[in-house]
Amino acid sequence: MPHKIMDFRSDTVTRPSDEMRRAMALAEVGDDIYEDDPTSNELNRYAAELTGKEAAIFACSGTMGNLLAFLTAGSHGESLLAGKRSHVWCAEVGGFSAIAGMCPYPLTDDDGIPKPEEIAAQNRADGNIHHPQTTILALENTHNYTGGIAVPPDKFAAAARAGKSLGFHVHLDGARIFNAAVRCGVDVKEFTKEVDSVQFCLSKGLGAPLGSMLCGTRDFIERAKRWRKRIGGAQRQLGIAAAGGLYALKNNIERLAEDHDNARYLAELLKKGGVPVEEVPGMTNMIFFPLKDGQVSDDDFEKKCLEKGMLAHMIEPRRVRLVTHIDIDREDVERAAAIVLEVLSA
């Protein structure tokens, strides 16, 4: 029999397990806009409890969850501070400006987190009539574009507290915050206690087919519900999707350590073959490496990997990202390493 096609493009490609599908099929449902969907209500309660927040709501995606936070905490004409390599800056189609109407100021986040002194330096909440008032600081953990870095609690707290001391609403794009918690060996609340709101994804390493959660104070979430309705994100019988999210949160958090182990193993195999894998502190389930001058083109790298049974992704020109997840096992990692080495050597 031919091998399956292994998908290393992202942890967004996972498929719900049979057990998760059963939970979704049997979910008790109601109308979530009337707040009488019992499964959705339970997901909201459970997500808030996990993150130590008062309340939570379901968003269709992580991008929507982040946007809801910006719409709720900020206003048109105000400014937002975010890392220049953060997901909200690089991969959310400029929603914080196009829809939330906020003026962004970039922070250096090459280490996965901005330095407190730069946060203070970029502050525009100074009463200057010429400046857009800064009201939001957006942080990210794990940090995707810098290598899937799990920013440790002390460094994360220093940045968040710098924002709080300046009076900002501190929002955490925690799409993969449970990866960070597992990698650092701490309860997720070690991160979420430092922020005013947090978005995390159900549909990445946790293995649910869709959805993200936005968590914060009760008042913040009530206001976010109105924005969710306004931009078309309110749902009816949400319990079917919520059941997948509940199953993911109750069963798939601790197993993220397997993805981290598989990523480290893949990195080791590639380095043994001469691939210059990026060295990343706090590596989680992603590995990155450049294509050298004279090697295969970006398009041909993806094409030739696929011909051999592997989906790969060029996250930037000449930069490959491979991601391990719940549907990738140790045998897949060994096959993937062999394929990459073969494609590069050719």
Side-chain angles (χ1 to χ4, degrees), residues 1-18 20 85 87 90-91 112 142-150 175-176 178-179 182-183 201 203-209 252 255-346:
M1 288 182 63
H3 284 297
K4 68 177 183 180
I5 299 294
M6 306 173 299
D7 200 337
F8 280 82
R9 291 173 299 174
S10 178
D11 47 9
T12 62
V13 301
T14 61
R15 311 288 176 86
S17 64
D18 291 342
M20 184 182 288
R85 300 180 71 185
H87 194 274
C90 298
T142 63
H143 196 286
N144 185 351
Y145 283 93
T146 57
I149 292 174
R176 298 177 176 89
F178 292 102
N179 288 85
V182 169
R183 176 65 176 81
C201 289
S203 59
K204 291 187 170 70
L206 298 180
N252 291 345
R255 64 144 307 279
L256 292 170
E258 298 175 28
D259 300 339
H260 302 167
D261 289 342
N262 281 334
R264 282 193 291 272
Y265 183 45
L266 178 56
E268 290 168 5
L269 293 175
L270 292 176
K271 283 189 280 191
K272 286 179 181 177
V275 177
V277 175
E278 295 177 16
E279 297 292 339
V280 176
M283 190 182 89
T284 52
N285 65 324
M286 302 179 185
I287 69 165
F288 295 72
F289 59 88
L291 296 183
K292 299 175 184 177
D293 292 342
Q295 282 184 325
V296 63
S297 71
D298 291 8
D299 287 344
D300 279 348
F301 177 80
E302 292 183 350
K303 179 181 177 182
K304 291 180 183 300
C305 283
L306 180 56
E307 288 173 354
K308 298 177 184 300
M310 172 189 174
L311 284 159
H313 176 53
M314 304 297 304
I315 194 167
E316 294 170 322
R318 308 303 288 166
R319 189 181 186 217
V320 181
R321 183 189 73 173
L322 302 179
V323 185
T324 54
H325 50 76
I326 196 169
D327 293 340
I328 294 294
D329 58 25
R330 190 55 64 102
E331 182 182 348
D332 295 330
V333 167
E334 293 172 347
R335 282 183 59 213
I339 288 171
V340 170
L341 293 174
E342 184 178 350
V343 169
L344 295 181
S345 65

Please report the interatomic distance [atom1]([X]) to [atom2]([Y]), rounded to the nearest 0.5 Å.
{"X": "M286", "Y": "S10", "atom1": "CE", "atom2": "OG", "value": "6.5 Å"}
{"X": "T142", "Y": "L256", "atom1": "OG1", "atom2": "CG", "value": "10.0 Å"}
{"X": "N144", "Y": "C90", "atom1": "CG", "atom2": "SG", "value": "9.0 Å"}
{"X": "I326", "Y": "T324", "atom1": "CD1", "atom2": "OG1", "value": "11.5 Å"}
{"X": "I149", "Y": "R183", "atom1": "CD1", "atom2": "CZ", "value": "11.0 Å"}
{"X": "L341", "Y": "L269", "atom1": "CG", "atom2": "CG", "value": "8.0 Å"}

* Only counting residues at least two apart or in another chain, list the ones meeting ring pair (Phe, Tyr, Trp, His ring centres under 6.0 Å) with F178. => F200
Residues forming a side-chain hydrogen bond (donor to acceptor under 3.5 Å, both in side chains) with [X], sequence neighbours excluded:
{"X": "H87", "answer": "E92"}
{"X": "H143", "answer": "D109, T146"}
{"X": "N252", "answer": "none"}

* Residue pairs involving residues 334-346 (criterion side-chain hydrogen bond (donor to acceptor under 3.5 Å, both in side chains); sequence neighbours excluded) -> Y265-E334, K308-E342
* Would you mind listing every side-chain hydrogen bond (donor to acceptor under 3.5 Å, both in side chains) that reaches into residues 275-292, with sequence neighbours excluded? =>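 Only D11-N285, K271-E279, E278-R319 qualify under side-chain hydrogen bond (donor to acceptor under 3.5 Å, both in side chains).
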* Asked: What do the steps show when you test H260 against V182 for side-chain contact (heavy atoms from CB on, under 4.5 Å), and what is the final call?
  -> CA-CA 9 Å; H260 302 167; V182 169; 4.2 Å; yes
* Asked: Partners of R321 by salt bridge (charged side-chain N to carboxylate O under 4.0 Å, His left out), sequence neighbours excluded?
  ->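 R321: no salt bridge (charged side-chain N to carboxylate O under 4.0 Å, His left out) contacts found.
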* **salt bridge (charged side-chain N to carboxylate O under 4.0 Å, His left out) partners of D298, counting only residues at least two apart** =>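 For D298 the salt bridge (charged side-chain N to carboxylate O under 4.0 Å, His left out) partners, ignoring immediate neighbours, are R318.
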Is there a side-chain contact between [X] and [Y], using heavy atoms and a 4.5 Å cut-off?
{"X": "R330", "Y": "N262", "value": "yes"}
{"X": "P209", "Y": "R15", "value": "no"}
{"X": "V340", "Y": "L344", "value": "yes"}

* Residues in side-chain contact (heavy atoms from CB on, under 4.5 Å) contact with A175, at least two apart in sequence or another chain ->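 Result, side-chain contact (heavy atoms from CB on, under 4.5 Å) vs A175: D173, Q199, C201, K204.
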* Structure fact -> By side-chain contact (heavy atoms from CB on, under 4.5 Å), L311 pairs with (sequence neighbours left out) I5, D7, R9, L306
* Asked: Any sub-3.5 Å donor-acceptor pair from D300's side-chain atoms to S297's backbone N or O?
  ->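 No; zero donor-acceptor contacts below 3.5 Å.
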Which atoms form the tightest heavy-atom contact between [X] and [Y], and what is the distance?
{"X": "L266", "Y": "F8", "value": "CD2-CE2, 4.0 Å"}
{"X": "F289", "Y": "V277", "value": "CB-CA, 3.9 Å"}
{"X": "M310", "Y": "I339", "value": "CB-CD1, 3.9 Å"}
{"X": "D327", "Y": "K4", "value": "O-NZ, 3.4 Å"}
{"X": "F288", "Y": "G147", "value": "CE1-CA, 3.2 Å"}

* Quick one: which residue pairs count as a salt bridge (charged side-chain N to carboxylate O under 4.0 Å, His left out) with a foot in residues 256-267, not counting sequence neighbours? =>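 Salt bridge (charged side-chain N to carboxylate O under 4.0 Å, His left out) check on residues 256-267 returns R255-D259, D261-R264.
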